Amino acid sequence: MDSTDLRPVLAQWATGVAVVTTLHGDGARHGMTASSFTSVALDPPLVSVCLASEGTTCRLIGDSGVFAINVLGHDHGAIGRRFAGQATGGDRFAVGRWRSACTGAPVLADAVAWVDCEVAARHPAGDHTIVLGLVRDAAVPRPAPPLIYHDRTYYEGIAR
Ligand SMILES: Cc1cc2nc3c(=O)[nH]c(=O)nc-3n(C[C@H](O)[C@H](O)[C@H](O)COP(=O)(O)O)c2cc1C
């Protein structure tokens with residue numbers, strides 16, 4: 001099936017929105033918006049994210065061996081757009097308060113939740129790579145309604 005026809009079908013699947021972050025060799029930060037975050041196992045604690053293999057984030061995670069998943073809140077639409085390259089220019093980390101988790105990967109101070117991981121495995125899947133992470137640390141800094149994405153639209157500001 002052609003991807004042009006498949007995209008609008010897959011867009012009907014509503015997801016949360018996460019920012020996947022990692023480090024360069026020199027300690028600089030990088031990250032991207034991802035909806036493909038999934039919990040995989042509890043023992044050992046494993047999560048996955050599916051990334052475009054040619055993308056910068058996928059390459060840098062391969063180099064660093066670490067990443068964090070930041071679950072965005074209902075008021076984090078600007079961060080979601082920024083890390084998806086949908087905002088103009090500049091440092092993606094210019095918006096939001098970021099600090100380093102124990103692996104060194106950046107985590108958002110007011111994320112709904114974050115998990116900090118070491119890469120456990122990388123599985124090529126077509127033009128994407130399934131990255132499996134062994135969770136080293138995790139937190140719920142701000143229990144709040146999540147940011148939802150459906151049919152290319154962010155559902156922002158939805159309170160409980
Ligand atoms: C809501 C949303 C979810 C996304 N989810 C993914 C994803 O799971 N995997 C992926 O490879 N790209 C995803 N993207 C696209 C990337 O965020 C975008 O291509 C980004 O610029 C990649 O950055 P990089 O090339 O610096 O790694 C998503 C975009 C949006 C708007």
Side-chain angles (χ1 to χ4, degrees), residues 1-40 46-96 98 100-101 103-108 110-133 135 144-158:
M1 186 171 177
D2 185 68
S3 66
T4 310
D5 297 328
L6 184 57
R7 277 173 184 269
V9 176
L10 299 181
Q12 299 312 311
W13 179 243
T15 67
V17 183
V19 169
V20 185
T21 60
T22 190
L23 296 172
H24 296 232
D26 60 3
R29 306 174 292 186
H30 190 77
M32 61 169 269
T33 299
S35 55
S36 55
F37 168 57
T38 305
S39 62
V40 173
L46 295 169
V47 298
S48 72
V49 67
C50 191
L51 304 178
S53 303
E54 298 298 318
T56 304
T57 309
C58 192
R59 179 173 55 79
L60 293 177
I61 288 175
D63 292 346
S64 69
V66 299
F67 67 96
I69 304 281
N70 294 270
V71 178
L72 298 186
H74 62 99
D75 51 356
H76 283 152
I79 294 177
R81 277 184 275 272
R82 193 170 189 87
F83 279 83
Q86 295 167 321
T88 46
D91 175 15
R92 290 180 178 180
F93 291 89
V95 175
W98 298 89
S100 295
T103 64
V107 290
L108 187 59
D110 64 346
V112 170
W114 54 254
V115 287
D116 183 30
C117 303
E118 286 173 12
V119 174
R122 288 186 296 151
H123 301 288
D127 58 0
H128 279 56
T129 299
I130 301 166
V131 182
L132 201 60
V135 179
L147 184 61
I148 301 296
Y149 193 70
H150 175 254
D151 204 10
R152 297 174 196 155
T153 302
Y154 293 94
Y155 287 80
E156 296 175 73
I158 299 172

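Owing to the predicted nature of the structure, the values given are computational and were not obtained by experimental measurement. Every number for a ligand or one of its atoms is a count from 1 in the order of the listing.
The aromatic rings of W98 and F83 sit tilted, their planes meeting at an angle between 30° and 60°. Note on ring orientation: taking the six-membered ring where Trp is involved, the planes of H150 and Y155 are tilted (angle from 30° to 60°).
Put simply, OG on S36 and CD1 on I130 are 9.5 Å apart, with the number rounded to the nearest 0.5 Å.
When non-hydrogen atoms are compared, ligand 1 lies under 4.0 Å from the side chain of Y154 (C-beta onward) but not from its backbone.
Annotation: atom 24 (P) of ligand 1 to nearest protein heavy atom, T57 OG1, 3.6 Å. Protein heavy atom in closest approach to atom 12 (N) of ligand 1: M32 CE, 3.3 Å. Taking atom 9 (N) of ligand 1 as the reference point, the nearest protein heavy-atom neighbour is C50 O, 2.9 Å. Looking at atom 29 (C) of ligand 1, its nearest protein heavy atom turns out to be A84 CB, 4.1 Å. From the protein, the heavy atom lying nearest to atom 23 (O) of ligand 1 is R92 NH1, 3.3 Å. The protein atom (non-hydrogen) at minimum distance from atom 30 (C) of ligand 1 is T33 CG2, 3.9 Å. For atom 5 (N) of ligand 1, the closest non-hydrogen atom of the protein is S35 N, 2.9 Å. For atom 8 (O) of ligand 1, the closest heavy atom belonging to the protein is S36 OG, 2.6 Å.
The distance from ligand 1 to the heavy atoms of Y149 drops below 4.0 Å at these ligand atoms: 1 (C), 31 (C). Heavy-atom proximity to H128, at under 4.0 Å, picks out these atoms of ligand 1: 11 (O). Counting the atoms of ligand 1 from 1 in the order shown, those under 4.0 Å from a heavy atom of Q86 are 31 (C). For ligand 1, the atoms sitting less than 4.0 Å from at least one non-hydrogen atom of L51 are 11 (O), numbered in the order shown with element in parentheses.
At least one protein heavy atom sits closer than 4.0 Å to atom 26 (O) of ligand 1.
Side-chain contact check for L72 versus L108: some heavy-atom pair is nearer than 4.5 Å. Residues H30 and R92 form a side-chain contact, since some pair of their non-hydrogen atoms from C-beta on lies under 4.5 Å apart. At a threshold of 4.5 Å between non-hydrogen side-chain atoms, the residues E54 and D127 do not count as touching. In this structure, R7 and R152 have side chains that are in contact, with non-hydrogen atoms separated by less than 4.5 Å.
The shortest separation from a heavy atom of R59 to ligand 1 is not under 4.0 Å, leaving the residue out of contact.
The side-chain contact (heavy atoms from CB on, under 4.5 Å) test with D116 is passed by exactly one of V135, T21, I69, T103: T103.
Taking only nitrogen or oxygen atoms, main chain and side chain alike, A52 reaches within less than 3.5 Å of ligand 1.
At distances below 3.5 Å, at least one donor-acceptor pair connects side-chain atoms of D2 with backbone N or O atoms of T4. At least one donor-acceptor pair under 3.5 Å links the side chain of T33 to the backbone N or O of G80.
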